[in-house]
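Reminder, nothing fancy here: chain letters follow the sequence lines and each chain counts from 1. Side chains included, hydrogens not; waters and symmetry mates left out as well; all remaining heavy atoms used.
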Amino acid sequence: MSTFQLSTLTTWIRSSAVYRSIVRHGVADTNRNRSLIIFENLFLHVHPVKVREKTLKFSHTYWLGGITLVASFVLIATGILLMFYYHPSVPQAYRDMKELMFVVDNGVFYRNMHRWAAHLMVLGAMLHMLRVFYHRAYQPPRQFNWVVGVILLLITLLLSYTGYLLPWDQLAFWGVSVGTNMAKEAPLIGKPLRFLLLGGNIVSENALLRFYVLHCVVLPTALLLFLSVHIWRIRKDGGVQGPPEKASSDEVES
Amino acid sequence: MEIPVPLRRLFAITSILFFVVLAISPLKNALRPYRSIQREYARLGAARAKSQKVAQTYQSRSVAIQQIWLPGLQNRVDRCTTCHLGVQDENMAGAPGVFRLHSRSFHTPKDFDRFGCTSCHGGQGLATLEEDAHGHAENAGSPMTPLPFIESGCGRCHTGEQVAGAAILSKGRKLMEKAGCFSCHLVKGHEGFRSEAPPLESIALKTGGEALKRWLKDPKGLDPNASMPNFRLADADIEALTHFIFNTKPSRLLSEKVSSAGAEKLGDAVNGKKIFAEARCISCHTLEGKGNGSAPELSKVASRATQPWLLAFIRDPQAFNPRTRMPRFGFSEADTRDVVAYIVSEFKDFEAPPDMLNPVHVNQTLAEKGQKLFRQFGCTACHTSDAADRIGPELNRIGDKRAASLDFGKRKDVKHTLPAWLQAKLEDPRSLGQGLKMPAYGFSPEENRAVVTALLSLGAEPVPDRYQHQPATRASLVPGGAVGALFERYRCLSCHQIGDKGGDISTAPLTAEGSKVKKDWVAEYLLLSYTIRPILTDRMPVFRMTKEEAALLANAFETFYLDPSIPEDPFAGQPASSRDPAEGKHIFDTLGCKACHIQGEKGGYYGPPLNEAGRRLKPGWTYSWLKSPQRWRADVRCPNYGLTDADALKLTSFLQTLVQKPNSAKGGGR
């Protein structure tokens with residue numbers, strides 16, 4: 001019998017039809033293959049193939065956008081776990097919160113992770129915006145990504161606000177009462193907007209359900225969409241913008 | 001790009017830290033206190049077990065969260081038994097601390113699975129950590145009810161006035177009624193409550209300026225039986241209120257009654273004293289503290305009320321105050337004069353100034369100021385003839401109010417819990433903030449505890465219907481027509497109970513009176529009542545009613561107040577031997593009935609003498625009572641001997657042979 005060799009196995013795998021339909025490029029470490037790795041992968045293709053070394057400097061980004069992005073992934077993961085235990089109904093909502101704290105294995109951990117990650121995401125997004133502003137990274141060609149970023153900030157704040165009601169405690173109830181009353185004061189659209197948001201004129205079970213759907217379906221979907229555009233545009237606009245430099249010739253890119 | 005070494009180290013350290021942090025939560029989960037408590041319980045149970053087999057069942061218990069789930073009772077989930085594992089375990093009688101067996105009560109151990117734990121004890125049933133469950137942790141939710149107030153839990157389901165086996169709660173509810181809490185505070189079930197306080201219009205006829213001022217200053221100081229609280233009024237306010245009260249014009253009917261009484265001569269005080277004793281006024285009133293105490297103290301009454309008013313009032317109290325509990329006696333004109341002569345000669349404050357009862361010359365400005373004060377202090381809540389003017393907050397949900405939503409004002413000495421707040425509020429109502437109006441009721445510490453218990457029983461969430469326990473009430477308690485008018489006139493329900501309604505002075509409810517006593521005896525007794533149980537100081541007053549009235553009432557009892565479960569003739573269909581009084585006498589002697597009852601010449605004084613039992617009691621009642629005394633009065637001391645039907649009947653037939661007339665010396669004249 002011929003002795004078993006790892007290389008024959010890997011060669012066999014690499015030549016199989018399934019593998020070739022997934023990985024469509026060779027193994028050679030060439031510029032072309034590096035590009036293909038990125039281009040031909042759904043998840044990687046929003047990233048730039050090459051990253052300039054200077055844009056990875058800590059002083060350029062403070063990793064603020066990255067922190068925000070990681071926080072949002074943590075939020076999605078813990079949020080899905082929390083959804084297993086939560087009913088958006090008046091008799092159940094606060095009770096589920098207690099169940100989570102009292103009996104669910106690691107429930108306190110999931111809930112606290114979700115809460116702290118949410119704080120971190122809001123804080124990160126704010127600081128990220130300041131960093132971009134002071135580095136003049138909103139200037140062309142990145143002006144559209146600035147707009148996308150502002151939309152993302154709004155979505156983040158709305159996510160945070162809608163999540164605030166879900167524990168259905170006194171803090172939540174009055175927080176949303178006050179918040180929606182402020183929205184009511186907006187000219188013309190104020191009252192209809194509040195009615196639409198609360199599903200009525202008071203903070204009731206309708207408001208809880210609407211906030212739940214917004215928090216768990218509508219806003220996260222919007223966040224993912226704009227997040228993809230945001231990151232994709234970073235690549236298209238030539239990577240992350242650092243502090244303004246005197247010579248601006250290398251920033252010109254199509 | 002080469003990553004510098006310090007950065008790599010940083011990366012390594014933070015990675016390790018990250019994993020350590022991630023491990024904390026599962027570790028905490030694995031080390032939850034209830035796990036070690038359950039293992040300890042298994043050890044203890046095995047050690048206390050009487051047999052090897054039982055010990056093995058303890059040891060093979062799996063460690064898990066225990067709970068009582070009650071979907072039908074507000075979807076309660078009580079996990080208390082996760083740690084309190086021994087509550088239903090007889091093996092744990094006398095076990096230490098958390099494992100001990102629950103004390104026996106009417107609902108334990110049989111009703112654990114019906115009520116769970118928190119429906120009586122409060123606290124957080126969902127929690128599995130002590131400080132969360134008992135509610136001591138910050139933001140843990142409402143804490144457990146402290147044990148001194150535990151009977152408030154009974155009151156969540158038992159909404160009736162009196163709850164058997166919950167003496168403190170019952171006392172508290174009665175006190176709330178007596179103090180008139182419901183005049184200012186709305187409480188479910190008491191919407192129709194009206195205070196017994198006299199309407200204002202008759203006060204100017206009754207008393208004088210100085211006497212009224214002294215009363216307003218401190219009602220309970222003048223009369224310990226007073227139900228009016230102390231409003232802590234300033235002297236200037238008292239002055240203004242006095243002017244306002246003397247400014248209200250009495251109705252013509254009342255002023256004519258009083259002025260015509262004023263024209264009468266004084267009667268004979270010696271005869272008055274005899275009538276006073278015979279009528280037994282102290283069955284309700286007190287004289288220097290002696291007496292029942294549910295009506296005003298009389299020892300200084302002549303210095304508080306004018307002679308003409310006393311005369312007119314005793315003749316027709318219900319005209320002066322339609323809600324008074326005082327009966328309208330059937331005294332003759334002359335008799336009333338004699339009684340009042342006795343009262344004004346004896347029941348006086350001899351130190352009081354002679355002008356105590358002089359009326360006030362009304363100053364209009366002060367009277368108007370007084371009128372404002374009268375509204376402001378909420379006097380209208382009790383002293384009005386129409387619907388109550390409730391100025392206090394509703395109390396329906398008070399028992400579930402969170403301590404965080406209570407105003408403790410500047411009081412630093414009060415614990416931040418609801419029971420402590422309620423206690424402080426009742427002790428000194430105005431100390432918990434500024435501008436508070438509630439007056440001081442002067443409850444003793446025990447009364448305070450009872451009222452707080454009653455208040456804590458008023459929960460926010462109504463208990464589902466099938467958990468509610470309301471005493472069965474009869475559709476129509478009091479008949480209309482002539483009999484109803486007599487019930488009204490003699491105020492039977494001030495002392496007696498019918499169903500769950502009525503006063504608490506008498507120990508004889510009238511609900512089954514017709515099944516209990518013989519008609520001829522009642523008719524006689526109503527004319528000349530006497531003490532039935534020698535140990536009691538209160539007895540029914542002699543109303544001086546007419547023979548026709550007594551016959552009418554006796555007939556009404558015979559017709560309406562019957563209990564279908566009491567046989568009219570218990571001997572029907574029984575062997576002739578059951579009617580043997582000689583054997584009954586033997587049973588009577590063997591059981592030692594004479595320890596409490598007088599029969600013949602000797603016997604105890606606790607129960608009623610039985611020499612006239614055959615004249616007084618119907619055989620059906622006697623038989624039913626002997627079978628189970630507690631069925632008819634829950635608190636009665638007469639033991640239940642578990643007599644057979646035959647023995648009970650023999651005893652009944654013996655008692656029916658005792659038909660001696662009561663000794664006249666023991667009659668009402670004493």
query = Got a second to check how far B/Lys28's NZ is from A/Asp105's CG, nearest 0.5 Å?
reply =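 Separation between the atoms: 13.0 Å.
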key: Reported CE-to-CD distance for the pair A/Met101 and B/Gln124, which is rounded to 0.5 angstrom   =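 Here the rounded value is 12.5 Å.
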More than 12 heavy atoms of other groups within 6.0 Å of [X] [atom1]:
{"X": "A/Arg136", "atom1": "CZ", "result": "no"}
{"X": "B/Arg114", "atom1": "CZ", "result": "yes"}
{"X": "B/Arg35", "atom1": "CZ", "result": "yes"}

message = What part of B/Gln74 gets within 4.5 angstrom of chain A, counting heavy atoms only: side chain, backbone, both, or neither?
response =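 Just its backbone gets close to chain A.
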request  = Would you please test B/Asn75 and A/Arg95 for side-chain contact (heavy atoms from CB on, under 4.5 Å) and show each step?
outcome  = CA-CA 11 Å; B/Asn75 200 18; A/Arg95 198 189 163 107; 4.1 Å; yes
query = Do B/Asp132 and A/Lys98 come close enough that some side-chain heavy atom pair is under 4.5 Å?
reply =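 When only atoms from C-beta onward are counted, A/Lys98 and B/Asp132 do not touch, as no gap falls below 4.5 Å.
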key: Minimum heavy-atom distance between B/Leu126 and A/Val103, given as atom pair plus value   =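 Residues B/Leu126 and A/Val103, closest heavy atoms: O-CG1, 4.4 Å.
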key: Minimum heavy-atom distance B/Ser25-A/Phe109, with the two atoms named   =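 So the minimum-distance heavy-atom pair works out to OG-CB, 3.0 Å.
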task = For each of B/Ala133, B/Pro26, B/Ala30, tally heavy-atom pairs with chain A at distances under 4.5 Å, and name the one with the top tally.
result =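 Most heavy-atom pairs under 4.5 Å with chain A: B/Pro26.
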